[in-house]
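See below for the structure under consideration.
Note: hydrogens, waters and symmetry copies are ignored here, and every other heavy atom, side chains too, is used. Everything quoted here is computed from the prediction, not taken from an experiment.
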Number of protein chains: 2
Amino acid sequence: MPRESVPTKTRAPRRRSATSAVTMADVAAAAGVSTQTVSRALRDPASVSGETLQRIEEAVRNTHYVQNFAASHLASNRSMTVAAIIPAISTSIFAETIQGLSDVLLPEGYQVFLGHTDYVAAREEALIRSLSGRRPDGFFIIGTQHTRDATHILKRAGVPVVESWGLTSRPIDLVVGFSNHAAMKTVVNHLADRGYHRLTFAGVMKPGDDRAKERRKGFLDAHGERFPGVEPQVVTVASNSMIMATGAELLDLVRATYPETDAIVFTSDVLASGAVLRCNDLGVRVPADLAITGFGNYDIAGHLRPSLTTVAIASRRIGMLSAELLLARMQNKPVTERVIDIGFELLVRDSS
Amino acid sequence: MPRESVPTKTRAPRRRSATSAVTMADVAAAAGVSTQTVSRALRDPASVSGETLQRIEEAVRNTHYVQNFAASHLASNRSMTVAAIIPAISTSIFAETIQGLSDVLLPEGYQVFLGHTDYVAAREEALIRSLSGRRPDGFFIIGTQHTRDATHILKRAGVPVVESWGLTSRPIDLVVGFSNHAAMKTVVNHLADRGYHRLTFAGVMKPGDDRAKERRKGFLDAHGERFPGVEPQVVTVASNSMIMATGAELLDLVRATYPETDAIVFTSDVLASGAVLRCNDLGVRVPADLAITGFGNYDIAGHLRPSLTTVAIASRRIGMLSAELLLARMQNKPVTERVIDIGFELLVRDSS
DNA sequence: CTGTTAGCGCTTTCAC
DNA sequence: GTGAAAGCGCTAACAG
């Protein structure tokens, strides 16, 4: 038959192994309108007549339609996502920041990609690289120091970027943070004012933890100012976890290395709390024999006995402010302040 | 001119306000191959000849190409994402679970969408609904109780779903958890064995916190068994935060309401720690005057004095195991156990 | 091992 | 207020 001679090119249109899911076309068919109208009804209900809207809403319900954001993203070039990159999720003070960020972004329809770097710069770069592929509409990062490539990727992404939890002279875009350096100087000055004069800095120093480095530098600088000529004492460990047991270990280490120490400046309340509790066990009187300070004003700080002198950081607020900055940018609203210094507060309690 | 009479249909092909970003076609052109080959080189380098691969890699570098996952997702029907839904991010024990989940998923190329519900069922449903639009390849959820609609959406999504932190007789798909009910019974039995006989259950009970409810039920059931005829004592608050101050408040409340109490069973170590520290302030001897137990084995539990009797939960392991189950499913590997009971461990310490 | 073609599901553009 | 057509950037399907 002549039909047989039809060129092989004319074959049945391919069907991809589709989701078998309901698409906007199904809704459109059910409502008796075009997909375009469905799209409009979903994004801006007011742009569609009341009756049409109702039919569409009913069709959505009946078909159990769930919009496919990947297609939406591809067509509109807006992903409605924000990528958040933090050193560790289980560090509760960072978790608070993410909660703040999420609290502001979710109601606005933005979803959050979360990744953690374990304080490893190369992992941060890898994460930024792969998250870039998601084409987020904004980036939120804890930290202000990144590899060259990571910085380039962020700049090339063409979307707002918030760096946080620190300050930097060369921001990529936006910054919400405070000076870790100044915070530590404030601690040292407080201790010096109280008459302590053999200070030891103690903490966990991961290679990629720029905040810890800034704090150490703040300690050293303030120490040089207040105790000129006195060799500053620093005791750090690199591989230990941020847990109370590490604080207890560091206490022992400090007492063994620098027995003349009369005040220990810890980089975190977690460590300081572990140290205070160990002092209680050992019969070391805090602050009479030894003053102890922390950082972060964790929940425990005020409840410990003696209560812990520390530096309060508005960690949740960092997340919320960052989200607001990102939102403003993503919605093309004016952003006046590109760098927000949220500051810190020294809380003098009984441990010093 | 005749040209003017060309039908208006013949107009220049539309260009959309494209990303102005580098696409795979640019890389293909630079490498002198088709986009298909670039795609293959990216997803399975071994499927491309060595020389071609090198040229492509160079082209990627030169062009600063970043793959667009939204397009990839749309074309391949795989998003390479997992949606994680938790009650609160800043609850450190849940953060550990997410860290475990993320630790396993990120190296496999999956990215994590994180959302939190604040223990509100309606918010969970809304979150599940909107995250469904992202077409994640899997869902991870803390909790086993959801609204009808939420359950339907999850079932219709056609991807693996892990419910966690509890056990349920009607799982949606996969479960990684433990019996909160049994854990609490174990605590009560321990206290009863030690001779305590006026037990009070104390905690924060958010309406949407099914784990807390299960724990209360476990307390009541065990109490009924061990102290038949004795009215069980329960003191809860609904709107307070999970912070130590709430534990201190609850201690005061229990002592005012049920002064005869000789043991308090808290739903969380955070509360129990706040209570222990307040007891120390008040001169209430723990456990001589009053036994106190917690839940979760937070870092502080072993460092408190007296150290805290509690129930240890392998929270990070919940995340890791869940991720492994999801991965197996997403990669079409066999999954033998659909329900994993990771159990719990009663840690008897000095507070009881 | 590599290329061609069609299509994923949506939104933009343009027309009415 | 609504619709038709085209295209977002990629990969599955097929052919060679």
Q: Output all residues satisfying ring-ring contact (aromatic ring centres under 6.0 Å, His included) with A:F139, sequence neighbours left out; order by chain, then residue number.
A: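 With sequence neighbours excluded, A:F139 shows a ring-ring contact (aromatic ring centres under 6.0 Å, His included) to no residue whatsoever.
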Does [N] have OP1 or OP2 sitting under 4.0 Å from an N or O in the side chain of [X]?
X     : N      : answer
B:R43 : D:dT11 : yes
A:S39 : C:dC10 : no
A:S34 : D:dA4  : no
A:T52 : D:dT2  : yes
B:T37 : C:dC1  : no

Q | With sequence neighbours excluded, residues passing salt bridge (charged side-chain N to carboxylate O under 4.0 Å, His left out) with B:D210 | A |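 Once residues adjacent in sequence are excluded, B:D210 has no partner under the salt bridge (charged side-chain N to carboxylate O under 4.0 Å, His left out) criterion.
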Q: Not counting sequence neighbours, which residues clear salt bridge (charged side-chain N to carboxylate O under 4.0 Å, His left out) with A:E324? List them please.
A: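 With neighbours one apart ignored, the set is empty.
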Q) With sequence neighbours excluded, what pairs up with B:E124 under the side-chain hydrogen bond (donor to acceptor under 3.5 Å, both in side chains) test? A)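 If we apply the side-chain hydrogen bond (donor to acceptor under 3.5 Å, both in side chains) test to B:E124, skipping adjacent residues, the hits are B:H146.
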Q. Tell me, which of residues 60-67 of chain B have any heavy atom that sits under 4.0 Å from an atom in DNA chain D?
A.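 Heavy-atom cutoff 4.0 Å gives B:Y65, B:Q67.
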Q.
Counting only side-chain heavy atoms from C-beta out, which of D:dT11, C:dG3, C:dC10 sits nearest to B:S76?
A.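 Comparing D:dT11, C:dG3, C:dC10 against the side chain of B:S76, the answer is D:dT11.
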Q: Using a 4.0 Å heavy-atom cut-off across all strands, classify B:T35 as base, sugar-phosphate, or nothing.
A: base
Q. Nearest nucleotide by nearest heavy atom, which residue falls closer to the 5' end of DNA chain C, B:A71 or B:S49?
A.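 It is B:S49, whose closest nucleotide lies nearer the 5' terminus.
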Q: Let me know the distance between CZ of B:F69 and C1' of D:dT11, rounded to the nearest Å.
A: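 Result: 14 Å.
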Q: Kindly say whether, by distance alone, the side chain of A:R135 makes a donor-acceptor pair under 3.5 Å with the base of D:dG9?
A: no
Q) Can you tell me how far the CG atom of A:D103 sits from the CD atom of A:E108, to the nearest 0.5 Å? A) 12.5 Å
Q. Going by the salt bridge (charged side-chain N to carboxylate O under 4.0 Å, His left out) test, which pairs reach into residues 138-149 of chain B, not counting sequence neighbours?
A. B:R129-B:D149
